[in-house]
Amino acid sequence: MLFASLLVVSIYSSFSFGEVKTINIGYQKANIFALLKYRGALENEFKKHDVNIRWIEFPAGPQMLEGLNVGSIDLAATGDAPPIFAQAAQADFVYLGHSPANPKSEAIIVPNDSSIKSINDLKGKRVALNKGSDVNYLLVAALQHAGLNYRDITPVYLPPSDARAAFEKGVVDAWAIWDPFLAEVETNLPVHQIVNGENLVPHYTFFLASRHFAEKSPKYAEVIIEQLVKQSEWANTHPQETAEILAVSTGLDKAIWLKALQRAQYGFKRMDDETLVGQQKIADIFTKIGLIPNAVDVKQARWVSEVN
């Protein structure tokens with residue numbers, strides 16, 4: 001928090017002198033911003049504007065949105081659920097857009113010798129997940145589809161690395177997790193999926209910006225969007241090279257990344273009414289079951305660029 005506070009002072013002092021001179025981007029080792037970081041796409045583009053890019057790593061979406069909330073970053077890319085939790089915490093951000101749906105890239109898994117064969121069998125069981133992450137919504141949606149509710153299971157909130165250890169030791173009965181962690185555990189342990197996001201949740205990646213950055217530097221936001229589009233197109237048509245970059249970024253084998261990339265598609269789409277309605281559905285469900293303390297109006301975080 002001290003580090004974040006110091007960054008806030010640095011960032012907002014630069015804002016007070018017109019256009020921002022440093023753009024702070026939160027990223028996870030496994031997401032599209034990691035590709036942009038390793039390929040130097042934004043640095044090369046923003047040299048034209050005499051603007052620096054500063055990369056700040058986070059272990060998962062919820063922690064990244066905390067960074068956005070306190071002002072230590074200007075931009076973030078997360079799954080479906082973290083923006084809902086962030087908005088409930090009064091984070092002042094806007095949705096720039098989202099990726100295509102990738103429902104097969106998150107799942108709930110169990111050991112092959114488990115007695116759990118379906119979501120119905122999760123009743124009374126311990127399920128590991130990262131609280132506030134996109135799999136939080138997958139778990140809720142899967143339980144509801146099976147006629148169960150969140151109180152029927154015992155959620156064990158752990159970040160992916162700790163959840164991996166707890167799952168392997170049998171401390172938890174099931175694990176709700178996303179790629180590439182999903183691909184890694186499927187490769188190295190005898191496990192299987194009891195459900196993934198298909199026909200349950202879309203599993204988007206959302207691209208978010210602090211409202212201050214989006215409103216004060218809309219041209220820069222559009223430059224970033226342009227690069228997201230270009231780098232996504234490159235990644236979709238160069239899976240081998242993409243896997244190599246992400247293997248270096250994450251320390252996971254290239255083969256694991258090739259497995260993960262087979263069920264994922266990169267891209268950028270502007271926010272539309274349908275997508276906002278989907279996010280509002282998540283917010284309403286989370287409010288109803290008590291995962292967030294207050295109602296959230298998702299459309300308050302919609303961004304309309306004034307750049308032609």
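What you see is a predicted model, and the numbers here were worked out from it, not measured in a lab.
At least one side-chain heavy atom of Leu75 sits less than 4.5 Å from a side-chain heavy atom of Ile224. Counting only heavy atoms from C-beta outward, the side chains of His145 and Ile119 never approach each other to under 4.5 Å. You'll find the side chain of Trp257 stays beyond 4.5 Å of the side chain of Glu244, heavy atoms only. In this structure the side chain of Val191 never reaches within 4.5 angstrom of the side chain of Val110, judged on heavy atoms. In this structure, Val172 and Thr154 have side chains that are not in contact, with every pair of non-hydrogen atoms separated by 4.5 Å or more. You'll find the side chain of Phe33 reaches within 4.5 Å of the side chain of Leu228, heavy atoms only. In this structure the side chain of Val156 never reaches within 4.5 angstrom of the side chain of Leu129, judged on heavy atoms. The shortest distance between side-chain heavy atoms of Leu182 and Trp175 does not fall below 4.5 Å.
Taken from CD1 in Ile194 to CG in Asn120, the straight-line distance is 9.0 Å, to the nearest 0.5 Å. To the nearest 0.5 angstrom, Leu200 atom CG is 6.5 Å from Leu138 atom CG.
If you check the side chains of Asp272 and Thr275, you find a donor sitting under 3.5 Å from an acceptor. Side-chain contact, Lys254 with Gln240: a donor N or O sits under 3.5 Å from an acceptor N or O.
In this structure a side-chain-to-backbone donor-acceptor pair under 3.5 Å is present from Asn196 to Glu198. Put simply, the side chain of Asp162 never gets that close to the backbone of Leu158: no donor and acceptor are under 3.5 Å apart. The backbone N or O of Lys29 lies less than 3.5 Å from a partner atom in the side chain of Ser249, making a donor-acceptor pair. Asp121 contributes a side-chain N or O that, together with a main-chain N or O of Ser118, makes up a donor-acceptor pair within less than 3.5 Å. With hydrogens and angles ignored, the 3.5 Å screen pairs a side-chain donor or acceptor of Asn236 with a backbone N or O of Ser232. When atom types are taken as modelled, the side chain of Asp74 and the backbone of Phe213 share no donor-acceptor pair closer than 3.5 angstrom. Under a 3.5 Å cut-off, the side chain of Gln279 and the backbone N or O of Asp80 do form a donor-acceptor pair. Side-chain atoms of Gln280 come within 3.5 Å of backbone N or O of Val298 as a donor-acceptor pair. Checked by atom type and distance alone, the side chain of Ser105 never pairs as donor or acceptor with a backbone atom of Asp179 at under 3.5 Å. A donor-acceptor contact shorter than 3.5 Å is absent between the side chain of Asp173 and the backbone of Lys125.
Of all heavy-atom pairs spanning Leu258 and Pro239, the tightest one is CD2-O, 3.8 Å. Residue Ala141 comes nearest to Val201 through the heavy atom pair CB-CG1, 3.8 Å, listed as atom of the first residue, atom of the second, then distance. Here the closest non-hydrogen pair linking Leu208 and Pro83 is CD1-CG, 3.8 Å. Annotation for Ala209 and Leu68: closest pair C-CD1, 4.3 Å, computed over non-hydrogen atoms. Shortest non-hydrogen contact noted between Ala142 and Ile108 is CB-CD1, 4.2 Å. Nearest heavy atoms, Ala41 versus Gln227: CB-OE1, 3.5 Å.
Identified under the ring-ring contact (aromatic ring centres under 6.0 Å, His included) test for residues 52-80, with sequence neighbours left out: Tyr27-Trp55.
Note on Tyr157 and Val140: same hydrophobic cluster, where clusters join Ile, Leu, Val, Met, Phe, Trp and Tyr whose side-chain heavy atoms are under 4.5 Å apart, directly or indirectly. Cluster annotation: Ile282 is not connected to Val277 through the hydrophobic network of ILVMFWY side chains, with a link wherever side-chain heavy atoms come within less than 4.5 Å.
Legend: residues meeting salt bridge (Lys or Arg N to Asp or Glu O under 4.0 Å) with Arg302, ordered by chain and number and at least two apart, are Asp273.
Remark: of the listed residues His49, Lys47, Lys48, Lys48 is the sole one forming a side chain to side chain donor-acceptor pair (under 3.5 Å) with Glu45. Tested against Phe85 for a side-chain contact (heavy atoms from CB on, under 4.5 Å), the candidates Thr78, Asn69, Asn136, Val296 yield a single pass: Asn136.
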Is there a side chain to side chain donor-acceptor pair (under 3.5 Å) between Asn102 and His203? Walk through the geometry before answering. CA-CA 5 Å; Asn102 290 301; His203 186 37; over 6 Å; no
Run the side chain to side chain donor-acceptor pair (under 3.5 Å) test on Asn31 and Tyr266 for me, step by step, so that the C-alpha distance in whole Å, both residues' side-chain angles and the decisive distance to 0.1 Å come before the verdict. CA-CA 10 Å; Asn31 71 13; Tyr266 294 106; over 6 Å; no
Could you give me the CA-CA distance, side-chain angles and deciding distance for Glu186 and Gln193, then say whether side chain to side chain donor-acceptor pair (under 3.5 Å) is met? CA-CA 9 Å; Glu186 287 179 320; Gln193 300 180 13; 2.8 Å; yes
Where do Asp297 and Gln300 land on the side chain to side chain donor-acceptor pair (under 3.5 Å) test, with the steps shown first? CA-CA 6 Å; Asp297 184 359; Gln300 295 298 318; 3.3 Å; yes
Given Val127 and Leu122, is the side chain to side chain contact (heavy atoms under 4.5 Å, CB included) satisfied, shown in steps? CA-CA 8 Å; Val127 183; Leu122 287 180; 4.1 Å; yes
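A centroid separation of less than 6.0 Å is found between the aromatic rings of Phe46 and Tyr220. Residues Phe93 and Tyr95 bring their aromatic ring centres within 6.0 Å.
Annotation: cation-pi pair Arg39/Trp234 present, NZ/CZ under 6.0 Å from the ring centroid and within 45° of its normal.
Taking the charged nitrogens against the carboxylate oxygens, Lys37 and Glu43 have no contact shorter than 4.0 Å, which rules out a salt bridge. A salt bridge links Arg211 to Asp92: one of the charged nitrogens lies within less than 4.0 Å of a carboxylate oxygen.
Open room surrounds NZ on Lys169; 12 or fewer heavy atoms of other groups in view lie less than 6.0 Å from it.
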